[in-house]
Structures are given as C-alpha cells and as structure tokens.
Amino acid sequence: MMLAAAASAEVGSEVTPSTPEVVGFTGAFAVELCLLALLAATAVAMIRMRRLFGVAMLSGIYSLLSAAFFVALDAVDVAFTEAAVGAGMSTVLLLSGIALTAKVEMPVSRTRTIAPLIIVGVTAAALVYATIDMPGFGDANAPANAYVGRAYIEQTPSDIEVPNVVTAVLASYRGFDTFGETVVVFTAGLACLLLLGAGAIRGGGRNDDGEH
Amino acid sequence: MLEFILARYNYWIVICLMMTGLYIVFSRGNLVKVLMGLNLFQTSVFIFYITVGKVIGGTAPILFEDKAKKDDHHGDDHHAPAGEAHHGEGHSTAGDYASSVSVAPSGMTNEATGSHIASMADAQALVTDGAVHAKDVGDYVSEGSHHLDVPGLAPHLIAPHPEDAASLPSAAQELAGSAAYGEVLYSNPLPHVLILTAIVVGVATTAVGLSLAVRIREAYGTVEQDALEEADNAYELVEADT
Amino acid sequence: MGHLILRVTIKILFAPIILFAFYVQFHGDYGPGGGFQAGVILASAFILHALGFGLATCQKVIPPNWLPAGMALGVLIYAGTGIYTMLFGDNFLDYDVIQPDSHHHAGQHIGIIAVEIGVGLAVACTMLQIFYAFAGREPEPMDDAW
C-alpha cells in the first residue's frame, strides 16, 4: 500500500495519500445523516398520529426515504424495489385496508404505554450492546462482506457474465432461494384470495357466510 | 472514541428506528396500526441489512469491465471456437488483466485515487509494450492478487513510456480506461439480494395480515383489540348462560 | 371516477409505465431491475388505471379470473426452467446445460431471462390479485367519520 502511494507520487500527480480510516464529514456523510434524521422524524410522527390515513401516508414517505438511503448505501436494486413496493404498492394496500376497517385509531391510555416502553428500552439496550462487538460501518473485511459476498463479485464475470451481480446472485447462484420467495408471494396471493377474494371474483360484494 | 462512534452511529439510529416500529406493535390496540408498525420494523431491518453490506469506497455491484470482456468474446467468436484457450494478442490479455485486477480483494480501497492513476498507466504500458510483456505481467498480477498488494507492482510497470498515452489508438485507450475501472470496489451484493426479495414478500404478507383485519372487522365490527376482547368475553358469557 | 385532471394524467402515464415495466424486466441483467420490480410496476399501472376509471373498467381489461392462472403460470415457468435443466441431466436450475457449447454463458443468460419472466408474471398477477381482492370488497358503513 505504501508502494502504491509512492507510485502515484512518482507519476507526478497532485494526489496526496489520504487517511481513510477516519470517516470525515464528507458530503455523503451529511446526506446519510440527514436521511437518517428524516427517517427518525417520520417514525416518531407515525407513533403520534391517530388518523390512519395520515399514518399510511407517513409509511409511504418512510419507504421513499429509506429508498433514498439505500441509494446512498449502493443498493440500487433494493432502492428500486423499495420505491416501487413500499411507496407505491404497500401504500395503496394500506389505504384500501383502512377503507375497509377503521379510519381513526382509539386513543391509548398512558398507563398502557409504560410496559411497552420498558420492553423496547431493554431490547434497544441489548442490541446496542451487541453492536459494540460488530465490525465498523463499511468495513470491507468484515465477516459479512469477506467470504461469500466477495466470492460472488469475483466469480460472476467468469461464471455468468452478467454485469449486474445482484441479478446473477438472485437468479442463478441463489435461484433456489428466489424460487422459494416466488412461491411465498404466490401463496400470500392465494391466501388473500381465500380470505377476501370470493366476492372479488364474482364481481364484488361481501360474502355473508353467516357470522352476523 | 469519536472514530468508534462514527463507525457505529448508523447501527444505533437504525436500532432506534426498529424500536419505534416495535413500540407501535406493542403499545397500540388498532390492528391496522399494528400492521403499520410491523411494516416500519420490517423496513428498518432492511436498512440494517443494507448497512451491514455497505463497503466504504465501494460502489453499486454492477460490474464495470463488461465492455472489455465483451470485445474479448466477440473476437473469440469471429476467429475460432478454440480461441479462448490462448490469448496471443495484447488486446485480450489486457482484457484479462482488467478482470484479474477487478477480483483483487479490498486491500486497496484506501488509495482509490492513487491506484486509479497507477493502473491507468499500467494498462497503457501493457498495451504499448505488446503481447509478451503484457502476458507476463498479466500472470504476475493474477499471482499478486493473492497477496492483496496489486498496486505494489506499480512502480516498475509505469517506467516504460507513460507519455505514449496521447498517441495510443482510441480502442486501446478505451481498454486502458476500462482497466482502470476494473479495480473498482463493490459493495456486498448478498444482502441486496436477500432484502430485494424480502421487500416483495413483505408486502405480500402485509396484504394477508390486512385481509385478516378486514375479515375481523366484518365479523366483529371493530379492529380495536380491547373491543375484540370484550366482544369475545360477552359471547362466552352468553354461551355459559345458555 | 376521479377528477378530470387525474384521468387525463393517468391516460398519458398508463402506456409509458407499462413500457417501463418491460424495460426493467428485460434490462435487469445490465442495470438495476428484474422480475420483482417489473412485476410491481406492471401491476401498479393497472392499479393506477383502476383508481382513475373505476374497478369495473380495469376488470374489463384484465378479468379477475385470469389472475390466479397468471400467478400459477409464473411459478410454473420458474419451476419449469429448473425441471428443464434436470431433464438434460444437470442440477435443478443449473442453466449452463441449456447451451453447453457457448463461450459466453448463453445458457446462463437464457436461464436468467426465463426465470425473471416467471418471477415478473407471478409478482404482477399476485399484486393485482391482492388489489382486486381489497378493492372488490364493499366497505361497510362506518360509525366513525373521516
């Protein structure tokens, strides 16, 4: 590494060897911090809001913001999916669900929020304690990034020759997983059909199967 | 200490987001709101996964050097099927060089700019010096990539004629460019794949949950957990009486 | 029925959204995209249409009883690709056997495209099916107003 730095100096460029270990306050850092702050604000607003229409909209906004955050973290495929599914599909679903159930949530008494707060606090403390042992953010040699993930990037040009490694892993290396996911989506669609769909197939209307 | 915090603040904020979702799930009584909290929790877990897969200095896992490789293979198809076995010309060797550097592990993230320039010069040297030298260097580089210090080769490669760069034919320059891109560091694609499918599965399962809530609403006339419990208790009392 | 501006906008956007869905579907090898995203985008085009022009109009274009068939067909295309590779004596979903002589892994490319088409069809039909299921339900009169 020192040699490389020396080499770049030899070429006669004005590049100075940087110190990459310290994350500086760069533009990317500022963007990430802003997005995370916006995400947190949206999440808190979702707790406080009682009109479910507004909560559904906030959850769409949350999805869109997280899609932007995914782009900042290089996950363009995931961002694309999250923007299409989270901000589009799931908001429409939540709204149609709200139209069929309730518009406004009943207020929750203060005393009932204490136990959840304690549970959530303990869980958060445990998780934060766990992150102390984790490799730092963006560490290329972290166990999560070092083995199979790197192998996929190295092997894709010779095995599959598809530029998009995510597609290669999705459809070829882990085709079996994706098959399972497709079957899960299919099954969920069938479940919706069974729970609600009989009426939808026969042209709308509820099916009164006698609970009333 | 500041470094320690800067390397982990992402995790902590994501944990806060997760806990927000979890809090909604635990504390609210409205089934639809609970589903929304679950959605929030789920999206935060997605963010956590993607955060773990990020590599600083990396880019989206869509490979750069495809152009060089494509040229390579078109050449093979035109000449002979066996052409793949031995690359005589410096052209294809440079292509291979590009790909072999691209697999070099992440040790060289740090000098992103420095080694960019170095390897640009490398590639130009390869192309101008012709087949034999290029072949040797290609072999050496692929050996070297095991030792994580490919950029270390730079000094004696640059020596020949860096000033020839201007007189290179355009195709060769293009190759040199893609060779320079070849060493790009990519973020880990595996979490992306897992999360991409999980998002779609997540919306499908949310739909199942919502349709259950709709059926509960039609049966009980409410989706508030307290009211549901009351209705169930009242029903049991009536059953016990009769 | 939506507002006039909404309906005109939807008319303009409808075809480009479908075109974009196909672009995402078949360009997934080279850039971000693939079957999952394309399926959702395709479904969202029809959902948009249904929101603007009413469910009945949309159900004339895509009858509800096609959708379970489309869902099943998508999964079957995926599984069929795997069975096809097995018939040629390789493992399930090992696409190299589709074109074993190719130098640039044409078998892998064909296999990936086939599988992505299956995924896209299954996801698009499932999403539209779910939307039909919810939108086809008559809302009960509610006690609590907006």
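The sequence lines fix the lettering, A, B, ..., with proteins before strands; numbering per chain opens at 1.
- Contact of the D74(A) side chain with the Y186(B) side chain is not registered, since no non-hydrogen atoms from C-beta on lie closer than 4.5 Å.
- Residue contact with chain A, scored on non-hydrogen atoms closer than 4.5 Å, involves the side chain of F48(B) exclusively.
- Of the atoms belonging to L40(B), heavy atoms from both backbone and side chain fall under 4.5 Å from chain A.
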(request) Show your working on side-chain contact (heavy atoms from CB on, under 4.5 Å) between S187(B) and L73(A) and close with a plain yes or no. (result) CA-CA 8 Å; S187(B) 285; L73(A) 296 180; over 6 Å; no

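- Proximity to chain B is limited to the backbone of P135(A), based on heavy atoms less than 4.5 angstrom apart.
- Of the two parts of A72(A), only the backbone, made up of N, CA, C and O, holds a non-hydrogen atom closer than 4.5 Å to a non-hydrogen atom of chain B.
- For the pair D226(B) and M106(A), the minimum side-chain heavy-atom distance is 4.5 Å or more.
- Residues that satisfy the ring pair (Phe, Tyr, Trp, His ring centres under 6.0 Å) test with F26(B), not counting sequence neighbours, are absent from this structure.
- Most heavy-atom pairs under 4.5 Å with chain B: of the set R50(A), E32(A), E82(A), this distinction falls to E82(A).
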(message) For I98(A) and M36(B): C-alpha separation, side-chain torsions, deciding distance, then whether side-chain contact (heavy atoms from CB on, under 4.5 Å) applies.
(response) CA-CA 11 Å; I98(A) 289 168; M36(B) 288 170 178; 3.5 Å; yes

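- For the pair V104(A) and E224(B), the tightest heavy-atom approach, listed with the atom from each and the gap, is O-OE2, 4.2 Å.
- The candidate with the highest count of non-hydrogen atom pairs below 4.5 Å against chain B, out of V169(A), L52(A), V44(A), V76(A), is L52(A).
- Annotation: side chain of R215(B) is in contact with side chain of L196(A) (closest heavy-atom distance under 4.5 Å).
- The ring of Y9(B) has its center closer than 6.0 angstrom to the ring center of F29(A).
- The shortest distance between side-chain heavy atoms of V162(A) and L63(B) does not fall below 4.5 Å.
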Extract all donor-acceptor atom pairs below 3.5 Å that involve side chains of residues 193-212 of chain B and protein atoms in other chains or at least two apart in sequence.
unit_1	atom_1	unit_2	atom_2	d
T197(B)	OG1	E181(A)	OE2	3.0
T197(B)	OG1	V193(B)	O	3.3
T197(B)	OG1	L194(B)	O	2.9
T205(B)	OG1	V201(B)	O	3.0
T205(B)	OG1	G202(B)	O	2.8
T206(B)	OG1	G202(B)	O	2.7
S211(B)	OG	A207(B)	O	3.0
S211(B)	OG	V208(B)	O	2.8

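- To the nearest 0.5 angstrom, I62(B) atom CD1 is 6.0 Å from D77(A) atom CG.
- From T20(B), atom OG1 reaches atom CG of L39(A) across 10.0 Å, with rounding to the nearest 0.5 Å.
- The heavy-atom pair separating G53(B) from N145(A) by the smallest distance is CA-OD1, 3.6 Å.
- Looking at heavy atoms from C-beta onward, V32(B) lies out of side-chain contact with E105(A) at the 4.5 angstrom threshold.
- Interface check for chain B: of the options L58(A), L117(A), V71(A), the most heavy-atom pairs under 4.5 Å are formed by L117(A).
- Heavy atoms from other residues, nucleotides or ligands lying under 6.0 Å from OH of Y129(A) number 12 at most.
- Of the listed residues (G86(A), G189(A), A124(A), A84(A)), the one with the most heavy-atom contacts under 4.5 Å to chain B is A124(A).
- Looking only at side-chain heavy atoms (C-beta outward), T123(A) and M18(B) stay at 4.5 Å or farther from each other.
- Between chain A and the residues L22(B), T51(B), V223(B), the most heavy-atom pairs under 4.5 angstrom are made by T51(B).
- Heavy atoms of other residues, nucleotides or ligands lying less than 6.0 angstrom from CZ of F179(A) number more than 12.
- Heavy atoms only, all atoms of each residue included: M49(A) and K33(B) are closest at O-NZ, 2.7 Å.
- Atom CG in L190(B) sits 12.0 Å away from atom OH in Y173(A) (nearest 0.5 Å).
- The structure places NZ of K54(B) at 9.5 Å from CZ of F69(A), a figure rounded to the nearest 0.5 Å.
- Both the backbone and the side chain of I50(B) come within contact range of chain A, judged by heavy atoms closer than 4.5 Å.
- Note on V184(A), V55(A), I114(A), I47(A): by heavy-atom pairs under 4.5 Å with chain B, the leading option is I47(A).
- Put simply, of I216(B), I47(B), V25(B), N39(B), the one with the most heavy-atom pairs under 4.5 Å next to chain A is I47(B).
- With contacts defined as side-chain heavy-atom distances shorter than 4.5 Å, the pair I153(A)/P189(B) qualifies.
- Of the atoms belonging to F46(B), heavy atoms from both backbone and side chain fall under 4.5 Å from chain A.
- Under the 4.5 Å side-chain criterion, counting only non-hydrogen atoms from C-beta, T113(A) is in contact with Y23(B).
- In this structure, chain B has no heavy atom under 4.5 Å from any part of A142(A).
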(message) Under the criterion side-chain contact (heavy atoms from CB on, under 4.5 Å), I'd like the reasoning laid out for Y11(B) against M134(A): C-alpha separation, chi angles, the key distance, then a yes or no.
(response) CA-CA 10 Å; Y11(B) 299 149; M134(A) 277 183 71; 3.8 Å; yes

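- No hydrogens or angles considered: a donor-acceptor pair under 3.5 Å links the side chains of Y62(A) and S44(B).
- No donor-acceptor distance shorter than 3.5 angstrom exists from the side chain of N188(B) to the backbone of R150(A), with no hydrogens or angles considered.
- For the options I132(A), V148(A), T167(A), heavy-atom pairs under 4.5 Å to chain B are most numerous at I132(A).
- Only the backbone of T59(B) comes within contact range of chain A, with heavy atoms under 4.5 Å apart.
- In this structure, L17(B) CG and L36(A) CG are separated by 7.0 Å, a value rounded to the nearest 0.5 Å.
- Shortest non-hydrogen contact noted between V166(A) and P61(B) is CG2-CG, 3.8 Å.
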